[in-house]
Amino acid sequence: MHGLNPQQQAAVRHVDTPLLVLAGAGSGKTRVIVEKIVHLIEAKGTPANGIWAVTFTNKAAREMGERIAQRLPADRRRGLNISTFHTLGLKLIRRETAAFGLRPGFTVLDAEDSLNLIKSLLAQNEAAAGLLEPKEAQRQISAWKNDLLTPSRAATAAADEVEAAIASLYHDYDRQLTACNALDFDDLIKRPVELLRDDSDARERWQRRVRYLLVDEYQDTNTSQYELVRLLVGPLARLTAVGDDHQSIYAWRGARPENLSHLARDFPRLATIKLEQNYRSVNTVLTAANQLIANDPTTQPKRLWSAVGPGEAHRVLVCDTADDEAERIATDILHRHFKDQTPYRHVAILFRGNHQARLLEQQLRKLSIPYQLTGGQSFFERAEVKDAMAYLRLMSNPSDDAALLRIINTPRRGIGPTTLERLGLIARERRTHLAEAARSISAEQRLDPRVHHQLLQFLDWLDAARLDINARPAAEAMRTLLEEIDYAAYLRDQENSSKAAERRWTNLQDWLEWTERIGIDNDSGEALSLTELVQKMSLLGILEQKTRDQDDDAVRLLTLHAAKGLEFPHVYLSGMEEDLLPHQDCQEDDRLAEERRLCFVGITRAQKSLTFTLTKRRRRYGQWRDVRPSRFLEEIDADLLRWEGIGVQKSEEEHRATAAEAMSTIRAMLDNAGKP
DNA sequence: TAGTGTTAGATTTTT
DNA sequence: TCTAACACTA
């Protein structure tokens with residue numbers, strides 16, 4: 001308990017009634033959760049396996065686990081459940097598989113697979129295909145699932161023709177998932193909720209198992225996640241929810257920040273503790289943040305303060321164009337690096353949209369400043385990795401159509417779109433999955449005999465491979481499999497340069513190593529079954545595992561969303577312009593408030609210095625447009641901001657001066673060092 | 001199946 | 001204006 005402030009201590013000790021901790025940015029909320037778990041085990045004698053902590057990302061779960069590992073010896077923390085919502089749902093489904101109408105080895109489809117399934121369903125239904133955009137349909141189905149709406153209720157509630165069509169697609173989609181022994185991400189929450197709601201035996205069983213539940217980032221929960229929380233804690237309500245309404249920035253994808261206030265309604269004995277002392281930032285940063293967020297009508301007042309230090313006014317760099325903006329940020333960072341010996345990893349550049357990263361990258365590269373871009377397409381989404389995953393999934397679940405479709409002709413086996421279309425039709429008629437349909441009489445009758453033969457051969461080969469993979473370690477068997485299909489040759493065939501093929505092959509080797517590494521249970525140290533391995537992989541972005549060297553000294557480029565939860569000594573908030581932040585599509589009240597909170601999140605990432613940048617003109621969809629500074633800058637006291645470069649000439653001069661100064665510093669450094 | 005033409009869309013994104 | 005996904009043609 002040492003080193004905790006009185007509010008933090010109260011939050012840790014409070015275990016008898018449900019508790020909401022409203023934890024401001026940088027107020028040590030993870031610390032509170034960690035200490036509370038330690039307290040529950042050490043002081044309250046709660047068995048570790050009765051404690052469940054839930055986060056939103058794998059990264060957050062991993063970090064929490066690591067911090068607990070520093071506080072408790074292995075034998076005292078064994079059995080502790082720290083996971084994401086989705087992993088928790090998966091665990092529950094795995095223990096109750098039959099109740100869900102699933103067979104062991106069921107697959108969890110990712111967003112891409114689910115979209116492909118939707119596309120193939122639409123391809124079979126001309127009327128719906130003309131009316132619907134696959135992405136839009138996917139979004140709507142996901143939204144319905146997050147709101148716990150069944151297909152039939154969605155059909156009843158449908159407001160127009162389009163929604164009605166999506167509801168009907170939703171029905172087919174779920175039926176097809178069942179035929180494939182598969183679930184999508186949203187099902188991992190929705191289905192457990194349905195079970196716990198409808199089956200009192202299962203409910204009581206799980207409520208006994210969950211002795212204490214802690215939920216992080218509570219403001220990001222959606223309806224189904226909140227329902228899961230309620231059902232798991234039951235009437236005893238041994239629950240700690242930690243969140244910050246000021247950092248609610250995910251309403252656009254279904255988060256319900258009002259779940260924070262719903263807690264008081266649903267748990268009358270709820271106690272609330274506010275954490276307002278910030279341990280991260282200097283006071284000028286917090287003052288700006290407080291002033292900005294005071295304009296948010298939708299959230300509870302909370303005033304951050306800190307004892308870190310006074311801090312300086314924030315610079316606002318007014319630049320001519322986006323190129324100019326990127327150049328000035330880059331020069332400024334270089335300057336900081338050489339003049340103040342600021343390590344590059346202490347600097348982050350934040351922006352609203354990913355496209356803004358491109359120019360920044362160019363300029364950083366020009367000045368040879370190392371940078372690390374978070375976001376973009378992950379390693380996990382690479383085609384070769386997804387192909388290998390698909391083979392592995394088919395080993396675990398022979399009815400995984402999404403996986404089969406992905407690799408049936410990769411590498412080439414002469415099984416083209418026409419065959420697959422006919423096969424899909426047969427599968428739909430027989431209400432089954434593709435592999436079974438292929439072995440039916442109608443397939444024999446309706447498919448080209450040569451291709452049909454080819455198809456059966458391939459399925460037999462898969463069966464044989466399945467026997468092999470169950471007999472030895474998965475990674476090892478996968479190596480053999482990739483050799484048998486000569487995937488390396490396929491890659492060489494696909495790529496123009498042998499270098500590109502080489503790189504993709506290396507990615508696969510990395511993936512195989514990763515497969516070996518995660519194939520062991522963190523808790524028991526035992527090897528996972530193939531099914532467990534595949535399911536674990538589906539929920540872990542490989543990107544997170546492949547954390548590049550922590551001490552890699554590079555400037556971080558992040559979207560404002562991706563920056564939540566992180567902190568940096570020096571932060572550049574770029575594109576502080578109307579229509580960019582707040583984004584042009586977010587002028588309506590609720591969305592505008594969320595944009596403001598996004599800006600708040602950006603500001604509160606800064607520990608020591610904060611620099612806003614904006615341009616005077618920006619090219620938008622090919623047109624040059626004059627730009628107005630973001631209204632959020634006006635919501636911060638003028639004394640806290642130091643504008644630079646408002647006049648054109650002055651800006652150019654200043655810019656040159658800064659660049660010249662930076663260059664001469666570099667030269668001096670190089671002279672001193674005697675080598676680059 | 002590769003190569004070319006056409007068209008929409010251009011915020012944020014985890015699991 | 002630029003890109004990427006798609007549909008169409010050779």
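Note on naming: letters A, B, ... go to the chains in the order of the sequence lines (proteins, then strands), and numbering restarts at 1 for each one.
C:dA4 and B:dT11 are spaced 14 Å apart, taking the P atom of each and rounding to whole Å. Nucleotides C:dT3 and B:dT14 have their C1' atoms positioned 25 Å apart, rounded to a whole Å.
Within the cation-pi definition used here (under 6.0 Å to the ring centroid, within 45° of the axis), A:R597 does not qualify as a partner of A:F600.
Remark: P of C:dT3 and CG of A:N354 are 16 Å apart, rounded to the nearest angstrom. Following rounding to the nearest Å, A:R139 (CZ) and B:dT11 (P) show an atom-to-atom distance of 16 Å. What separates CG of A:N146 from C1' of B:dT13 is a distance of 13 Å, to the nearest Å. Atoms CG (A:D590) and P (B:dT11) sit 21 Å apart, rounded to a whole Å. Protein atom CG of A:D216 is 16 Å distant from nucleotide atom P of B:dT14, rounded to whole Å. In this entry the distance linking CG of A:N222 with P of B:dT13 reads 18 Å, nearest Å. Taking atom CG on A:D184 and atom P on B:dT14, their separation rounds to 17 Å, with Å as the unit. Atom CZ in A:R618 sits roughly 18 Å away from atom P in B:dA10 (whole-Å rounding).
The shortest distance between the side-chain N/O atoms of A:H583 and the OP1/OP2 oxygens of B:dT11 is below 4.0 Å. For the OP1/OP2 pair of B:dT14 and a distance below 4.0 Å, the side-chain nitrogens and oxygens of A:K59 include no atom meeting the criterion. Using a 4.0 Å cut-off, some side-chain N or O of A:N58 falls inside it from OP1 or OP2 of B:dT15. Taking side-chain N and O atoms only, A:T559 has a distance below 4.0 Å to OP1 or OP2 of B:dT13.
When distances are taken from the side chain of A:W252 to each of B:dT1, B:dA10, B:dT13, the shortest belongs to B:dT13. Distance from the side chain of A:H561 is smallest to B:dT12 among B:dT12, B:dT11, B:dT15. Between B:dT13, B:dT1, B:dT11, one nucleotide has an atom nearer to the side chain of A:R253 than all others, and that is B:dT13. The side chain of A:Y250 approaches B:dT13 more closely than any other nucleotide in the set B:dT15, B:dT13, B:dA10. Among B:dT14, B:dT1, B:dT11, the nucleotide with an atom closest to any side-chain atom of A:T57 is B:dT14.
Ring pair A:W252/A:H561: centre-to-centre distance below 6.0 Å. Ring centroids of A:Y173 and A:Y170 are separated by 6.0 Å or more, keeping the two rings apart.
Inspection of the A:S114 and A:D184 side chains reveals no N or O donor paired with an N or O acceptor under 3.5 Å.
Taking 4.0 Å as the cut-off between side-chain N and carboxylate O, A:R504 and A:E384 count as a salt-bridged pair. At a threshold of 4.0 Å, the pair A:R618-A:D324 does not count as salt-bridged, since none of the basic side-chain nitrogens sits closer than that to a carboxylate oxygen.
Within 4.0 Å (heavy atoms only), A:F56 reaches sugar-phosphate atoms of the nucleic acid but no base atom. Residue contacts shown for A:K119 are limited to sugar-phosphate atoms, with no base heavy atom under 4.0 Å away. Contact annotation for A:R358: no contact, since no heavy-atom pair falls under 4.0 Å across all strands.
The nearest heavy atom of DNA chain B to A:L188 and to A:R412 marks one nucleotide each, and the one closer to the 5' end goes with A:R412.
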